[in-house]
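See below for the structure under consideration.
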Amino acid sequence: MSDEDRQHSLADQAAAWVPPWNRAQPASADATESAPDPGTETPPEDARDSQEPGASEVTEDAGVPPEKPSGRRRAPVVPEPAPELSDAELRGALEAILLVVDEPVSELVLAQVLEQPAERVGPMLDEIAAGYTAGGHGFELRRAAGGWRLYTRPEYATYVERFVLDGQSVRLTQAALETLAVVAYKQPVTRSRISAIRGVNCDGVIRTLVTRGLVEECGTETDSGAFLYRTTTLFLEKLGLNTVDELPPLAPFLPDDVEELADATR
């Protein structure tokens, strides 16, 4: 090759030379497949990163209260109030219950059973009791042991006793009556105190009274630890008393020289 031809060849190569940064990269098959559609916008990287699985669900649920169930809740069934009894019906219902009770029943229990206001039951019982007394019946209605019960009148006690006992004596002995009286007026009281008052040992009599349900234990004495005894509700019921405060005073039954005897024994 001559020098002239060599110069022309170098000139052609120089003219055809393209800088590397201007050279076109060859398009591969992978690049073609991954190239975005010309009509589709590619979201920025920040937006793509925020669209992680579940992100859209959290965004939609945030701050939105849960949907209420489509079914309606059934309203609670409110029972209908019991019909109000007339005065005659209330009187009859109270008398029917009082005829079958075996122990005094309170006004609250009667009101609950009859489904009537307690404010009506109390005055009606007082009215029934006054009616029995005014009518001269052989029985009466009175308060006893915190409740109400029907009792026979004292003036007919002889006939009732004759009918109930039928010749059988179930009365308490004199020793039991004396011991019961000491417990009633001195309660709560220990066995030793009862024995000191009566002057004899009362252990057996107290056991009898406890067995019959007239006396019961009610704790222990602080100093000695001895058992304390008191009368029961049955005791009030048998005597027809509402509380032990209704017991008659002892002064009229004491001898005149009781104070001198008490001073002599000190």
Side-chain angles (χ1 to χ4, degrees), residues 82 84-166 168-172 174 176-189 208-216 218 229-254:
E84 184 175 352
L85 300 178
S86 63
D87 290 345
E89 292 174 335
L90 181 59
R91 174 192 295 269
L94 289 172
E95 290 177 336
I97 294 175
L98 291 170
L99 279 174
V100 298
V101 298
D102 55 358
E103 59 183 11
V105 58
S106 66
E107 298 176 8
L108 180 60
V109 173
L110 291 172
Q112 292 175 346
V113 171
L114 299 178
E115 297 182 344
Q116 299 297 312
E119 293 77 8
R120 292 190 61 200
V121 174
M124 180 59 68
L125 290 171
D126 292 331
E127 183 179 335
I128 294 174
Y132 289 162
T133 302
H137 296 283
F139 55 89
E140 62 182 356
L141 176 63
R142 65 173 184 262
R143 292 180 181 270
W148 291 83
R149 188 179 180 185
L150 292 171
Y151 290 87
T152 57
R153 293 195 177 278
E155 53 266 33
Y156 305 113
T158 304
Y159 307 106
V160 175
E161 184 178 2
R162 187 184 305 168
F163 174 78
V164 173
L165 299 182
D166 193 20
Q168 299 179 4
S169 177
V170 293
R171 295 181 178 179
L172 294 174
Q174 185 66 26
L177 288 173
E178 292 177 1
T179 303
L180 183 59
V182 173
V183 176
Y185 283 95
K186 293 293 185 179
Q187 60 183 316
V189 61
T208 300
L209 295 175
V210 171
T211 302
R212 294 200 176 188
L214 299 174
V215 172
E216 64 182 358
C218 61
Y229 293 89
R230 66 183 177 188
T231 54
T232 62
T233 304
L234 180 62
F235 169 81
L236 297 175
E237 181 182 343
K238 293 297 183 183
L239 295 185
L241 303 176
N242 193 35
T243 64
V244 293
D245 296 333
E246 297 180 3
L247 288 170
L250 282 177
F253 303 98
L254 296 176

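All residue numbers refer to positions in the sequence shown, counting from 1.
Judged by distance alone, with hydrogens and angles left aside, the side-chain atoms of Gln116 form no donor-acceptor pair with the main-chain N or O of Leu90 at under 3.5 Å. Without hydrogens or angle criteria, Glu89 side chain to Leu85 main chain gives no donor-acceptor distance under 3.5 Å.
Among residues two or more places apart in sequence or in another chain, the salt bridge (Lys or Arg N to Asp or Glu O under 4.0 Å) test is passed with Glu84 by Arg120. Scored by the side chain to side chain donor-acceptor pair (under 3.5 Å) test, Gln187 finds Thr231 as partners (sequence neighbours excluded). Taking Asp102 as the reference, nothing meets the side chain to side chain donor-acceptor pair (under 3.5 Å) condition, with sequence neighbours excluded. The side chain to side chain donor-acceptor pair (under 3.5 Å) test applied to Glu127 returns Arg91, not counting sequence neighbours. For Ile97, the side chain to side chain contact (heavy atoms under 4.5 Å, CB included) criterion is met by Val101, Leu110, Val113, Leu114, not counting sequence neighbours.
Contact detail for Ala129 and Leu141: the closest heavy-atom pair is CB-O, 3.2 Å. Nearest heavy atoms, Ala118 versus Ala111: CA-CB, 3.8 Å. Pairing each heavy atom of Trp148 with each of Leu98, the nearest pair is O-CD2, 3.8 Å. What you find for Pro248 and Tyr185 is that their closest heavy atoms are O-OH, 2.6 Å. Ala145 and Leu236 get closest at one heavy-atom pair: CB-CB, 4.1 Å.
Tyr156 and Tyr159 have tilted rings, their planes meeting at an angle from 30° to 60° on a 0 to 90° scale.
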*Given the rule in the side chain to side chain contact (heavy atoms under 4.5 Å, CB included) test, do Tyr132 and Leu150 qualify, once you have shown the distances and angles that lead to the verdict?*
CA-CA 10 Å; Tyr132 289 162; Leu150 292 171; 3.8 Å; yes

| Derivation of the side chain to side chain contact (heavy atoms under 4.5 Å, CB included) call for Val183 and Leu214 | CA-CA 10 Å; Val183 176; Leu214 299 174; over 6 Å; no

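The distance from atom OG1 of Thr233 to atom CG of Leu241, rounded to the nearest 0.5 Å, is 12.0 Å. Arg230 CZ to Phe235 CZ: the interatomic distance, rounded to the nearest 0.5 Å, is 13.5 Å. Put simply, CD1 on Ile128 and CG on Leu94 are 5.0 Å apart, with the number rounded to the nearest 0.5 Å. Note: Leu108 CG to Gln112 CD = 4.0 Å, rounded to the nearest 0.5 Å. Distance CZ/Phe163 to OG1/Thr158: 15.5 Å, rounded to 0.5 Å. Between Leu172 atom CG and Leu177 atom CG the span is 5.0 Å, to the nearest 0.5 Å.
Within a 6.0 Å sphere centred on OH of Tyr151, heavy atoms belonging to other residues, nucleotides or ligands number more than 12.
Pairs engaging residues 130-150 under the salt bridge (Lys or Arg N to Asp or Glu O under 4.0 Å) rule: Glu107-Arg143, Glu140-Arg142, Glu140-Arg153, Arg149-Glu237 [sequence neighbours left out].
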